[in-house]
Protein chains: 2
Amino acid sequence: MKSAPRQDIHPDSRAGEILAAAERLFCRNGYQGVSMNEVAREAGVSKANVFHHFGSKEELYLEVIRNVRSALTSEIMAIAQAPGGVEQTLTQVAEAELRHLFQYSDQVRLFMRECLEPGRDKALAAKVFGNTFAELVASLSGAQERGEMRTDVNASFPVMVLVAACVFFFQHAEILRHIPEADPATTNPDIFTRELVRLLVHGLRPA
Amino acid sequence: MKSAPRQDIHPDSRAGEILAAAERLFCRNGYQGVSMNEVAREAGVSKANVFHHFGSKEELYLEVIRNVRSALTSEIMAIAQAPGGVEQTLTQVAEAELRHLFQYSDQVRLFMRECLEPGRDKALAAKVFGNTFAELVASLSGAQERGEMRTDVNASFPVMVLVAACVFFFQHAEILRHIPEADPATTNPDIFTRELVRLLVHGLRPA
DNA sequence: GTCTATATAATGATAGAC
DNA sequence: GTCTATCATTATATAGAC
């Protein structure tokens with residue numbers, strides 16, 4: 001229950017090993033899909049030891065969430081800052097976002113589940129999304145200032161659409177493959193990125 | 001285990017009441033977040049009775065999924081068939097999709113969780129998405145044939161982006177409100193629809 | 001800090017009376 | 001079809017030795 005800020009946990013300490021084991025399991029199976037028995041076995045320690053370091057299952061889970069959050073945010077802060085035209089910027093952003101989603105797919109899924117679960121704290125998830133979001137918006141605002149993009153649209157909007165498309169692609173890649181009406185282009189990351197940017201930049205107006 | 005096609009269950013039968021109770025609970029808390037004890041209590045019957053009608057928890061869950069699927073697909077098949085320009089069609093589609101998502105939010109969330117859960121059957125979810133997807137693609141293809149839309153883009157792509165944006169909006173509405181960089185426009189369904197369609201139709205090119 | 005052993009409650013599922 | 005009573009198993013969590 002107590003969500004007090006915890007001393008930093010060294011990854012090579014025993015507590016760190018338990019935390020890492022818990023992250024693997026929670027990422028794969030969600031909160032209720034994991035038992036403290038499994039965590040102990042995965043970490044190679046006794047169950048009582050897990051309870052010694054983290055007072056309860058809930059506390060352990062929250063600690064995992066906090067940990068994953070750092071990993072997710074620290075990565076994307078460096079991207080989308082390279083100069084270039086809108087098209088190039090959007091392409092890089094989409095590529096980085098997709099790479100990011102698939103690289104940390106397990107952790108991303110953990111967060112998405114957290115978003116869907118009712119009654120959980122959305123502020124934590126908002127922090128994760130918010131950081132990357134702000135970075136991308138700033139990047140597009142630069143393009144607006146350079147006259148490379150319409151200024152009558154809030155930069156946050158295309159960012160949201162771009163992120164939405166990437167997230168949707170990530171979430172439903174496996175499902176889209178089962179839908180005959182879906183263009184094969186919508187299942188290939190590279191073609192997807194190219195088409196997405198083209199759509200965002202040029203719209204659907206006939207040429 | 002046996003997923004054999006079941007005789008239709010009358011909603012006003014006892015089995016129907018149990019099914020409805022199970023749907024409410026599974027929608028709210030997911031598969032592992034619900035116990036057969038709770039289902040029995042929610043339905044106002046004994047636990048043994050639940051096991052009598054549905055042989056196991058897994059079977060009950062699958063029956064709920066099948067039931068929800070019918071509800072979700074039968075609704076959206078009637079939309080997006082009204083004639084009109086691309087802009088109008090996209091607007092109607094987006095509005096209908098959003099209305100649909102929020103109206104059946106609990107059931108939609110159930111399906112989204114099902115997509116995130118590893119090792120589950122994606123074919124079922126694909127059927128739900130696939131039906132609505134095909135309808136929307138057909139609608140846009142008509143616009144292409146009438147020369148109202150670029151033909152060098154597969155109609156399924158903008159549909160996917162449109163759906164992605166709507167789903168993202170639905171999934172993250174609560175979270176977006178916590179992000180200061182997000183435009184207020186991205187939290188209002190009507191403004192969101194208008195901006196989305198404008199972006200899709202006209203793109204980001206400076207005027 | 002780490003362990004074995006245990007307490008206590010809840011789980012999915014069944015038996016058998018009515 | 002519906003129930004009470006019960007099964008075996010597992011869950012979170014604790015006690016206490018080392």
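None of these values were measured; they are calculated from a predicted model. Chain naming here is simple, since letters A, B, ... match the order of the sequence lines and numbering starts at 1 in each.
Taking all atoms of both residues into account, the shortest heavy-atom contact from A:Cys166 to A:Leu101 is O-CD1, 3.6 Å.
Every residue two or more places apart in sequence or in another chain that forms a salt bridge (Lys or Arg N to Asp or Glu O under 4.0 Å) with A:Arg24 is listed here: A:Glu42. In this view, A:Arg41 and A:Glu38 satisfy the side chain to side chain contact (heavy atoms under 4.5 Å, CB included) rule, not counting sequence neighbours. Legend: residues meeting salt bridge (Lys or Arg N to Asp or Glu O under 4.0 Å) with B:Glu195, ordered by chain and number and at least two apart, are B:Arg198. Applying the salt bridge (Lys or Arg N to Asp or Glu O under 4.0 Å) test to A:Glu17 and every residue at least two apart in sequence or in another chain returns A:Arg14.
Residues B:Ser156 and B:Asn154 have side chains that bring a donor and an acceptor to within less than 3.5 angstrom of each other. A:Glu114 and A:Tyr61 share a donor-acceptor pair across their side chains, judged by distance under 3.5 Å alone.
Under a cutoff of 6.0 Å and an axis angle of 45°, B:Lys57 and B:Tyr31 form a cation-pi pair.
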Could I get a table of every N or O pair under 3.5 Å where one atom is in the protein and the other is in nucleotides 7-11 of chain C?
from	atom 1	to	atom 2	distance (Å)
C:dT11	OP1	B:Ser35	OG	3.2
C:dT11	OP2	B:Asn37	ND2	3.4

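Along DNA chain D, read 5' to 3', the first and last nucleotides having any atom under 4.0 Å from a heavy atom of chain B are D:dG1 to D:dT4.
Sequence order on DNA chain D of the closest nucleotides to A:His52 and B:Ser46 puts B:Ser46 first from the 5' end.
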